[in-house]
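The block underneath contains the structure these notes are about, expressed in structure tokens.
Every chain is numbered from 1 and lettered A, B, ... according to where its sequence line falls, protein lines coming before strand lines. These figures come from a predicted structure and were not determined experimentally.
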Amino acid sequence: MSNAPSNPAPTPTPAPGDFIREIVAQDNTDGKYAGRVITRFPPEPNGYLHIGHAKSICLNFGLALENNGRCHLRFDDTNPAKEDQEYVDSIMADVRWLGFNWGKHLYYASDYFQQLYDWAVLLTKSGLAYVCDLSADQISRMRGSLTQPGAPSPYRDRPVDENLDLLNRMRNGEFSDGSRTLRAKIDMASPNLNLRDPVMYRIAHAEHHRTGSKWCIYPMYDWAHGQSDWIEGVTHSICTLEFENHRPLYNWFIDNIAKLGGAPQNIPYQPNQTEFARLNLTYTVLSKRKLLELVKGGHVSGWDDPRMPTLSGFRRRGYTPESIGHFARSVGVTKFDSVIDISRLENALRDDLNKRAPRRMGVLNPLKLVIDNYPDGQSEDLDAVNNPEDPSAGTRKIPFSKVLYIEQDDFREVPPPKYHRLTPGQEVRLRYAFFVRCTSVSKDENGVITEVHCTYDPATRGGDSPDGRKVKGTIHWVSADHAAEAEVRLYDHLFKQEDPNDVPDGQSYLTNLNPNSLVVISNAKLEPSLKEAANGERYQFERHGYFCVDMRDSKPGKPIFNRTVSLKDTWSKLEKKK
RNA sequence: UGGGGAUUGGUGUAACGGUAGCACAGCAGUCUCUGAAUCUGCUUGUCUAGGUUCGAAUCCUAGAUCCCCAGCCA
């Protein structure tokens, strides 16, 4: 059985029953959509997916799975200036990695450009839209404020024929970028600013990643989104809180198109939007703008840097898709703008990896341990359990010899209270090997310990004493002659502040970057078998944490290990308290 | 300030007029050939003030606080 990255079959959860699932269940019993449940995940391809998207993906695909419906993957690609095929590809890979399948239901808002245009003509013909010659700046100034109503554009009452002509010429490329817009004629005094004659089309002579140069006017998101759902027959259009204010606009567009007889054929209902709170995590930024800034500014090595909260970052870090899915479902769905403790995510991961990750021994900060009464040049193989949580994982052999490496932290010349590890005169167990007792230490001219000497008890072979003698501590080790040397990358939170955006006035969240978020250990000593570890494989290094073979920088026979997450460490907590 | 949302322990989340429960974190134990995992116990909460009711986290009234909206971004 491989522990490499896998594509899990998502199991429909036993209906946790959040408020959205309640709405869907109610609609089903009411027969509102004749039992149909059609959702969609609608990313803009302008960045990589992050853990917040996972929440939305699990919600939308989960709802479809639980209700025998379907979930569409639709790219809302209405702004060619920011979008790119690279993002389309990564988004599809990430959704698949999470274990979801959109089947044949892959769509693009750009597929609907013609339909959207036809509808714009329809609204214009009936006087519900007009071409406005105001500049962006003028429109902004005339929009009014939160408390002041806006002023009507001088072009608001342009004759229909003129509007139609101008719209046509906009489309034909006769005007320069930004010189004109098509606007909906709604209400410049509306307390909802989204209804103050919103822009439907802007002119942009830009190359679109799918439509090329076919169009030089592009629909605004607000003009495209609701109708895209409608065209696809989406029943439950689920989005985040900030779009709550836009819902009346989506409904205005759809209602008016329907009134004018423009409803899509075979769709006897309209999509209904429900909003929920987006995910926030401690020690993490999840704004696309900021993630892009981290990448472009070189603060991380790329979108898939293992410290990034992107799905590709988590994947490379060693997270399992199951743990992310489980986490995403466990945080619940509400309208409360909450912040989830990152330890919840890490806990979901440990939970999963504890059950499936094979155990290995690895020494990160080596200290030589010499067993004085062990024969020179001799070695022997000892049996070690691969995974105590999973008997079917079997056992393996580990070579033992006179000179070993142990962890520097596992020896103290003067032990603090409650220290259970190696210390002069004390006996500990070398895991799966022998009891050893420390007899002396060697130091260099600076007083730094270079070697620890001990004697072993041959009768304790395997790790148990026939006389029933107990030891307080068990430490891990690697045979010096047999050790595989490897680079190990220790990752910590990217930000040192729980809320990275909590900064003194005028300062950037970047000042909260954690300078120790990556610590590279270049000469870790690992169990020999690890030398052949394959890309993406995950292990528990006993007493350290979970590690995976980096899929980007590892070379065959020369793996690099990423620490995915450390094991809980009550000893270091105890020690820090002192 | 106009509009739209929201408010239950430290952090999240459930309870839909009838015992405030669960998870994570924290604390104290248990167990252990991983100071991990396991197992046990504990601490901590209904934003405020009134009202309705036998009974209110839940209904009503008033207030407080927080989030979102003034892109030709999504």
Side-chain angles (χ1 to χ4, degrees), chain A residues 16-18 22 42-44 46 76-79 81-83 132 134-137 139-141 143-150 177-183 189-196 198-204 217-218 220-222 224-225 239-248 275 277 282 288-289 330-341 343-348 350-351 354-355 359 361 384-385 388-389 418-421 428-433 435 462-464 470-476 540-545 566-575:
Chain A
D18 52 74
E22 278 175 13
E44 184 193 13
N46 69 342
D76 273 339
D77 52 353
T78 55
N79 185 2
K82 294 188 174 174
E83 295 151 10
C132 181
L134 257 23
S135 69
D137 193 50
I139 288 181
S140 170
R141 267 181 283 132
R143 185 151 28 225
S145 71
L146 294 180
T147 50
Q148 297 296 121
D177 289 3
S179 61
R180 269 176 249 258
T181 57
L182 182 74
R183 292 227 258 166
S190 172
N192 182 343
L193 305 227
N194 295 125
L195 263 24
R196 318 246 260 228
V199 172
M200 295 162 62
Y201 277 102
R202 74 283 221 183
I203 300 172
I217 59 171
Y218 290 93
M220 298 292 292
Y221 173 84
D222 280 352
H225 188 79
C239 66
T240 43
L241 254 24
E242 68 270 29
F243 294 106
E244 210 153 15
N245 291 332
H246 297 242
R247 193 184 341 129
E275 306 84 9
T282 56
K288 272 198 184 179
R289 199 209 97 222
S330 79
V331 297
V333 181
T334 68
K335 300 193 77 146
F336 181 60
D337 190 18
S338 60
V339 183
I340 307 290
D341 196 321
S343 68
R344 289 272 298 271
L345 212 211
E346 295 169 345
N347 186 270
R350 289 192 187 102
D351 230 43
N354 178 46
K355 289 182 212 114
R359 315 288 135 121
M361 292 203 280
V385 173
E389 303 286 329
K418 294 192 174 169
Y419 189 76
H420 295 167
R421 282 109 98 144
V428 298
R429 171 168 36 234
L430 295 177
R431 175 140 238 226
Y432 297 126
F435 286 11
D464 281 306
K470 297 280 181 207
V471 290
K472 263 297 219 296
T474 299
I475 64 175
H476 61 274
Q540 182 195 103
F541 291 1
E542 294 207 25
R543 308 210 301 134
H544 278 301
S566 64
L567 250 25
K568 283 196 200 164
D569 187 353
T570 51
W571 166 246
S572 76
K573 215 157 51 179
L574 224 164
E575 211 182 12

* Mind listing the closest non-hydrogen atom pair of A:K355 and A:E389 along with its distance? => CA-CB, 4.3 Å
* Specify the separation, in whole Å, of atom NE2 of A:H544 and atom C1' of B:rG35. => 13 Å
* Does a side-chain heavy-atom distance below 4.5 Å link A:N46 with A:N79? -> no
* Asked: Could one point to a donor on the side chain of A:R543 or the base of B:rG35 with an acceptor on the other under 3.5 Å away?
  -> no
* To do: Could you state the atom-to-atom distance from CG of A:D464 to C1' of B:rU34 in whole Å?
  => 15 Å
* Closest approach of A:P388 and A:R359, non-hydrogen atoms and distance? -> CD-CG, 3.8 Å
* Asked: NA contact type, A:F541, heavy-atom cut-off 4.0 Å: base, sugar-phosphate, or nothing?
  -> nothing
* Structure fact -> Between the CD atom in A:E575 and the OH atom in A:Y419, the distance rounded to the nearest 0.5 Å is 8.0 Å
* Interatomic distance, A:R247 CZ vs B:rC69 C1' [rounded to whole Å] -> 14 Å
* Whole-Å distance separating the CD atom of A:Q540 from the P atom of B:rA36 -> 11 Å
* Asked: Salt-bridged, A:D569 to A:K573, with N to O below 4.0 Å?
  -> no
* Carefully, step by step, assess A:I139 and A:R196 under the rule side chain to side chain contact (heavy atoms under 4.5 Å, CB included). => CA-CA 10 Å; A:I139 288 181; A:R196 318 246 260 228; over 6 Å; no
* What is the per-nucleotide protein-contact pattern of nucleotides 22-27 of chain B, from the 5' end, where B denotes a base atom under 4.0 Å from a protein heavy atom, S denotes such proximity for sugar-phosphate atoms only, and - denotes neither? -> --SSSS
* Indicate for each nucleotide in nucleotides 13-19 of chain B, in 5' to 3' sequence, whether protein heavy atoms under 4.0 Å reach the base (B), only the sugar-phosphate (S), or nothing (-). => SS-B---
* Asked: Looking only at atom C1', what distance separates B:rU8 and B:rC47, rounded to whole Å?
  -> 10 Å
* Asked: Where each residue is assigned the nucleotide of RNA chain B containing its nearest heavy atom, which of A:N192 and A:D569 is assigned the position nearer the 5′ end?
  -> A:N192
* For B:rA62 and B:rG3, measure between their P atoms and round to the nearest Å. => 14 Å
* Structure fact -> Comparing nearest nucleotides in RNA chain B, the 5'-proximal residue of the pair A:D337, A:E244 is A:E244
* Spacing between A:L241 atom CG and B:rC69 atom P, to the nearest angstrom -> 11 Å
* Asked: Do the non-hydrogen side-chain atoms of A:I203 and A:S179 ever get within less than 4.5 Å of each other?
  -> yes
* A:H476 NE2 to B:rG35 C1': how many Å, rounded? -> 13 Å
* Asked: Just checking A:V339: base, sugar-phosphate only, or nothing, at a heavy-atom cut-off of under 4.0 Å?
  -> sugar-phosphate
* Asked: With side chains defined as the heavy atoms from C-beta onward, is the minimum distance between A:R543 and A:I475 less than 4.5 Å?
  -> yes
* So, do A:W571 and A:R421 sit near enough that their side-chain heavy atoms are less than 4.5 Å apart? -> yes
* Asked: Just wondering, do A:R344 and A:S330 contact through their side chains at under 4.5 Å, heavy atoms?
  -> yes
Atom pairs under 3.5 Å, N or O on each side, protein against nucleotides 41-48 of chain B: can you list them with distances?
none

* **C1' spacing across the pair B:rU43 / B:rG29, given as an integer number of angstrom** => 15 Å
* Is there side-chain contact between A:E275 and A:R247, with at least one heavy-atom pair below 4.5 Å? -> yes
* C1' atom, B:rC42 versus B:rA36: distance in rounded Å? -> 23 Å
* **Beyond-backbone contact of A:R350 with A:Q540, side-chain heavy atoms, under 4.5 angstrom** => no
* Structure fact -> Separation of B:rA36 atom P from A:K355 atom NZ, nearest Å, is 18 Å
* Asked: Does any donor atom in the side chain of A:S343 or A:D341 lie under 3.5 Å from an acceptor atom in the other side chain?
  -> yes
Polar-atom pairs under 3.5 Å, protein N or O versus N or O of nucleotides 71-74 of chain B: list them with distances, or write none.
residue : atom : partner : partner atom : Å
B:rG71  : OP2  : A:S140  : OG           : 3.3
B:rG71  : OP2  : A:R143  : NH2          : 3.4
B:rC72  : OP1  : A:R143  : NH2          : 3.2
B:rC72  : OP2  : A:R143  : NH1          : 3.3
B:rC72  : N3   : A:G178  : O            : 3.3
B:rC72  : N4   : A:L134  : O            : 2.7
B:rC72  : N4   : A:A136  : N            : 3.1
B:rC72  : N4   : A:G178  : O            : 3.0
B:rC73  : OP2  : A:R202  : NE           : 3.2
B:rC73  : OP2  : A:R202  : NH2          : 3.0
B:rC73  : O3'  : A:R202  : NH2          : 3.2
B:rC73  : O2'  : A:N79   : ND2          : 3.1
B:rA74  : OP1  : A:T78   : OG1          : 2.7
B:rA74  : OP1  : A:R202  : NH1          : 3.3
B:rA74  : OP1  : A:R202  : NH2          : 2.8
B:rA74  : OP2  : A:Y221  : N            : 3.0
B:rA74  : N6   : A:H246  : NE2          : 3.4

* **Within the 6.0 Å centroid threshold, strictly below: A:H246 and A:H225** => no
* Nucleotide nearest A:S145 (side chain, heavy atoms from C-beta), chosen from B:rG35, B:rC68, B:rA70 -> B:rA70
* To do: Specify whether A:F243 and A:Y221 have parallel, tilted or perpendicular ring planes, treating 30° as the upper limit for parallel and 60° as the lower limit for perpendicular.
  => tilted
* **Nucleotide-level pairing of RNA chain B, given in dot-bracket where Watson-Crick and G-U pairs need both distances under 3.5 Å and | marks other strands** => .((((((..((((....[..)))).((((.........))))....(((((..]....))))))))))).....
* Asked: Can you tell me how far P in B:rG4 sits from the matching atom in B:rU61, rounded to whole Å?
  -> 15 Å
* Glycosidic conformation of B:rG45, syn or anti, with 90° from 0 as the boundary? -> anti
* Please state the C1' separation for the pair B:rG71 and B:rU52 - nearest whole angstrom. => 48 Å
* **Atom P, compared across B:rU40 and B:rC24: separation rounded to whole Å** => 12 Å
* Atom NE2 of A:H420 and atom C1' of B:rC31: how far apart are they, to the nearest Å? -> 14 Å
* **C1'-based separation of B:rA37 from B:rA74 [nearest Å]** => 44 Å
* Is the shortest heavy-atom distance from the side chain of A:V385 to the side chain of A:Y432 under 4.5 Å? -> yes
* To do: Identify whether any heavy atom of A:P248 sits under 4.0 Å from a base atom; if not, whether one sits that close to sugar-phosphate; answer base, sugar-phosphate or nothing.
  => nothing
* Identify, with sequence neighbours excluded, every residue that meets side chain to side chain contact (heavy atoms under 4.5 Å, CB included) alongside A:F435. => A:E427, A:R429, A:T460, A:S465, A:R469, A:V471
* Search all heavy atoms of A:N245 against all heavy atoms of A:N194 and return the closest pair with its distance. => O-OD1, 3.1 Å
